[in-house]
There are 2 protein chains.
Amino acid sequence: MDIAPLPDVYRHAPFAQDCAPRRLLRLFSGKWTTMIVHTLHLTGGTSRPGQLQRALPGLSKKMMTQTLRDLERMGLVEREIMQVMPPVVEYRLTQLGQRFVEPLEMLYRWGAQHAALLDQVDRNMATADDVRNAS
Amino acid sequence: MDIAPLPDVYRHAPFAQDCAPRRLLRLFSGKWTTMIVHTLHLTGGTSRPGQLQRALPGLSKKMMTQTLRDLERMGLVEREIMQVMPPVVEYRLTQLGQRFVEPLEMLYRWGAQHAALLDQVDRNMATADDVRNAS
DNA sequence: CTGCATCCTGGGCGATACTG
DNA sequence: CAGTATCGCCCAGGATGCAG
C-alpha cells in the first residue's frame, strides 16, 4: 500500500517544516546564545565565566551556565576545568562552533552598519504608540 | 551634583545594553517574524493572508495576524483592504521593510549552504542525549 | 475569506540563596 | 570564583469560537 504523497504546498513551500533556515533560527532562538558564541570568538575563542558575564551586561549567572550547557550539547563549545582553589574554568569554541561565527558576524555587522534603520523602526513604534494613547 | 560615569566595562563592552546587534536580535526575536518578512519578499513584496499561511506550514492564523500587526507598528509592512465580499486583503513590504530583507537573505542562504553543519549539531545533541539516557 | 477575543499551557528567563 | 537548586513571573504562542 502506497503512502500518500505530501501535498505540493508542503514540498514546494520555501519554508518547509525542517528547512535549513528554520533549523538555524531554532538553534539561535535563545536570548543569549548568539551573543555568547560571538563573545567567545571576540576573546580569541576562549574565555572564563566572569569575563564572559562582564562582557554581556544583563546576563545572569544562571542563564549563562544554562546557555553554555546547551552549547556544549550541540558541540559548539567545550569546557576545561582546572582543579585549583579557587576553581578556574575556561570555555572555548570548538571547531564546529567557530564555523557559526561567520553568519553571526554578518548579521551583527549589518546591524551596526544600518543602525539608522533600527532608529527608524523605533521611531515608527513610538508614533504608533502615541496614536494608541490618543485614542 | 555630578552623575557617576558608567564603569568602563559597560562603555566598552562589545554587547552594551542597546547596541545595534541586540536591537536587531530583539526585532527578530519572534518565532515567525523573519519568515513572514522573507516570504513577503519572495512573493514579490505582496501577498494575501491565506497565501502567506500556506507558505509557512505550522503558522497559526492568530500568530500570523499578531506578527503582521507588530510589523505594521514597526513600519515594515503595510496592509491594504479591499472592501468586497468576501474581503480581500494584501500585505506588502514597505520600503523600510525591504531594507531588512538583505540580512535575512544572507542568514538563510548561509543556512542552506551549510546544512551539513546543522546536521552535525543534531547528531551531537542526539549522542549527548544517549549518554544522558544511559546514566 | 479575514480577523478578533478568549482561554490556557509550557517554558524561557530572572532573582535569590546555598555548596565547594 | 564557578555552579546548582528552587521559586515564580510573565508572555509567547497554540486552540477554539465568533463576527463581518
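In this text the structure is predicted, and so the values were computed from the model without any measurement. Because only heavy atoms are used, hydrogens play no part in the values below, and waters and symmetry mates are left out as well, while side chains stay in. Lettering of chains follows the sequences in order, A, B, ..., and the numbering in each one begins at 1.
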Tabulate atom names and distances for all N/O pairs under 3.5 angstrom spanning the protein and nucleotides 2-6 of chain D.
{"residue": "D:dA2", "atom": "OP2", "partner": "A:Gly50", "partner atom": "N", "Å": "3.2"}
{"residue": "D:dG3", "atom": "OP1", "partner": "A:Arg79", "partner atom": "NH1", "Å": "3.2"}
{"residue": "D:dG3", "atom": "OP1", "partner": "A:Tyr91", "partner atom": "OH", "Å": "3.2"}
{"residue": "D:dG3", "atom": "OP2", "partner": "A:Tyr91", "partner atom": "OH", "Å": "3.1"}
{"residue": "D:dG3", "atom": "O6", "partner": "A:Lys61", "partner atom": "NZ", "Å": "2.6"}

Item to complete: List in chain and number order the residues that pass salt bridge (charged side-chain N to carboxylate O under 4.0 Å, His left out) with B:Arg48, two or more places apart in sequence or in another chain; answer none if no residue qualifies.
Response: none

Discussion item. Other residues, nucleotides and ligands only: do more than 12 of their heavy atoms fall within 6.0 Å of CZ on B:Arg99?
Written reply: no

Item to complete: Round to a whole Å and report the spacing from CD of B:Gln66 to C1' of C:dC4.
Response: 11 Å

Worksheet item: Pairs in or reaching into residues 57-68 of chain B: which pass side chain to side chain donor-acceptor pair (under 3.5 Å), with residues at least two apart or in two chains?
Response: none

Worksheet entry | Distance, rounded to the nearest Å, where A:Met85 contributes CE and C:dT19 contributes C1' | 11 Å

Item to complete: Applying side-chain hydrogen bond (donor to acceptor under 3.5 Å, both in side chains), name anything that partners B:Glu72, two or more places apart in sequence or on another chain.
Response: B:Arg69

Worksheet item: How close or far is atom C1' of C:dG11 from atom CE of A:Met63, stated in whole angstroms?
Response: 11 Å

Worksheet, complete the sentence: Atom CG of B:Asp70 and atom P of C:dG3 are separated, to the nearest Å, by 14 Å

Fill in: Axis-to-axis angle between the two ends of the helix from C:dC1-D:dG20 to C:dG20-D:dC1 (five base pairs per end, rounded to 10 degrees)
30°

Worksheet item: Can you tell me how far P of D:dC1 sits from CG of A:Leu52, to the nearest Å?
Response: 14 Å

Practice prompt. Report the distance from atom CD of B:Gln83 to atom C1' of C:dT2, rounded to the nearest whole Å.
Written response: 11 Å

Worksheet entry | Those residues that, when tested against B:Glu102, pass salt bridge (charged side-chain N to carboxylate O under 4.0 Å, His left out) (two or more places apart) | none

Worksheet entry | Residues forming a salt bridge (charged side-chain N to carboxylate O under 4.0 Å, His left out) with A:Arg123, sequence neighbours excluded | none

Item to complete: Could you list who else is in A:Val84's hydrophobic cluster, with ILVMFWY side chains joined at under 4.5 Å, directly or through other members?
Response: A:Met82, A:Val88

Practice prompt. Quick one: list whatever passes salt bridge (charged side-chain N to carboxylate O under 4.0 Å, His left out) with B:Arg23, sequence neighbours left out.
Written response: A:Asp119, A:Asp122

Worksheet item: To the nearest angstrom, how far is A:Leu56 atom CG from C:dC13 atom C1'?
Response: 15 Å

Worksheet item: Rounding to a whole Å, what distance do you find between A:Leu59:CG and C:dG12:P?
Response: 16 Å

Item to complete: Mind telling me whether A:His41 and A:His38 have parallel, tilted or perpendicular rings, with 30° and 60° as the class edges?
Response: tilted

